[in-house]
J.: 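Shown below is the structure under consideration.
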Amino acid sequence: MIAARLQSEPFDSAIVQAALLAGRTDLGAAVAFTGLVRADEGLVALTLEHYPAMTLAQMQAIAADAAVRWPNTIGTIIHRHGRLLPGDSIVLVVTASPHRAHAFAAAQFLMDWLKTKAPFWKREEWADGTTRWVEAKGIDDAAAERW
Amino acid sequence: MMQLLYFAWVREMVGTDSETITLPADITTVAALLDWLATRSPGHAAALADRSRIRIAVDQGFATPATPLNNPREIAIFPPVTGG
């Protein structure tokens, strides 16, 4: 089971991971990845727009796909929306498996697919008052297509 | 009657986040819908000018230009996604 959450509030990755692992003694590996707002020169804020009726369903579909590919892996994915500041967390992927290879692979798969198949759009606000929509990157498509 | 939704810079260029339309009977694919929408206003035309920069969801599932339209309730038009 890999659970998906969509929220504007911050998350605490340690608490999310502890909740995922609670009561389990069969797991030998846990991976936690956090994506952050990087303070590129002059960046003031990053706003994550999403498609309310579709985004969570799409995140759940990605999670279900991962659960089929790595059946012994459990996890939680959280993606935030709204206006975020440099240093804020954007996305969390936590996975756990009996062995590390599956936990690493599932986490990477989940991030690659979240970046390319979940309907979110980033708008940057700059110190000079301008805004700019982030362009999708070919390198992200290539990362998603290898799975 | 169906709902059109626009997101990110598509929303800004069209000038609204949603509109309710009656789909003409001869519009039977996503590609035909985009051609027809582009004639609605200069904003629509500008937003839809480069189809390689446009992505579509029909009833909340990703679609392609060839996807047939069978009484859809909701079609969303947006740029390639940039979350994560």
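Throughout, a chain's letter reflects where its sequence line sits, starting with A, and its residues are numbered from 1. All of these numbers come straight from a predicted model, not from anything done at the bench.
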J.: Please say yes or no: joined through hydrophobic side-chain contacts below 4.5 Å, possibly via intermediate residues, are L36(A) and L92(A) part of one cluster?
T.: no
J.: Using non-hydrogen atoms and a 4.5 Å limit, figure out which bit of H50(A) sits close to chain B: side chain, backbone, both or neither.
T.: backbone
J.: Test your reading of the model: is there a side-chain donor-acceptor pair from W121(A) to the backbone of P79(B), 3.5 Å cut-off?
T.: yes
J.: Can you get from Y6(B) to L48(A) by hopping between Ile, Leu, Val, Met, Phe, Trp and Tyr side chains that sit under 4.5 Å apart?
T.: no
J.: Between F62(B) and K117(A), which heavy-atom pair has the shortest distance, and what is it?
T.: CE1-O, 3.2 Å
J.: Non-hydrogen atoms of chain B under 4.5 Å away: do they reach the side chain of A57(A), the backbone, both or neither?
T.: neither
J.: Is there side-chain contact between R53(B) and E135(A), with heavy atoms separated by less than 4.5 Å?
T.: yes
J.: Any donor-acceptor pair under 3.5 Å linking the side chain of Q60(B) with the backbone of M54(A)?
T.: no
J.: Whether the side chain of K122(A) engages the backbone of G84(B) through a donor-acceptor N/O pair (distance < 3.5 Å, no angle test) should be reported.
T.: yes
J.: Verify, without hydrogens or angle tests, whether H79(A) (side chain) and G83(B) (backbone) share a donor-acceptor contact under 3.5 angstrom.
T.: no
J.: Is the ring pair F7(B)/Y51(A) parallel, tilted or perpendicular, if the boundaries are 30 and 60 degrees?
T.: tilted
J.: Considering residues, nucleotides and ligands other than R69(A), do more than 12 of their heavy atoms fall under 6.0 Å from its CZ?
T.: yes
J.: Between V37(A) and V44(A), is there a shared hydrophobic cluster once you connect ILVMFWY residues whose side-chain heavy atoms come closer than 4.5 Å?
T.: no
J.: Quick one: do L114(A) and I78(A) end up in the same hydrophobic cluster if we chain Ile, Leu, Val, Met, Phe, Trp and Tyr together by side-chain heavy atoms under 4.5 Å apart?
T.: no
J.: Near R146(A) CZ, under 6.0 Å, is it more than 12 heavy atoms from other residues, nucleotides or ligands?
T.: yes
J.: Can you see which heavy atom on V81(B) is nearest to which on P119(A), and at what distance?
T.: CG1-CA, 3.6 Å
J.: Hydrophobic clustering (ILVMFWY, side-chain heavy atoms < 4.5 Å, transitive) - are M13(B) and I77(B) grouped together?
T.: yes
J.: Are E12(B) and W133(A) packed together at the side-chain level, in the sense that at least one heavy-atom pair is separated by less than 4.5 angstrom?
T.: yes
J.: Between OG1 of T82(B) and CZ of R123(A), what distance do you get to the nearest 0.5 Å?
T.: 12.0 Å
J.: Quick check: are there more than 12 heavy atoms from other residues, nucleotides or ligands sitting under 6.0 Å from CG of D12(A)?
T.: yes
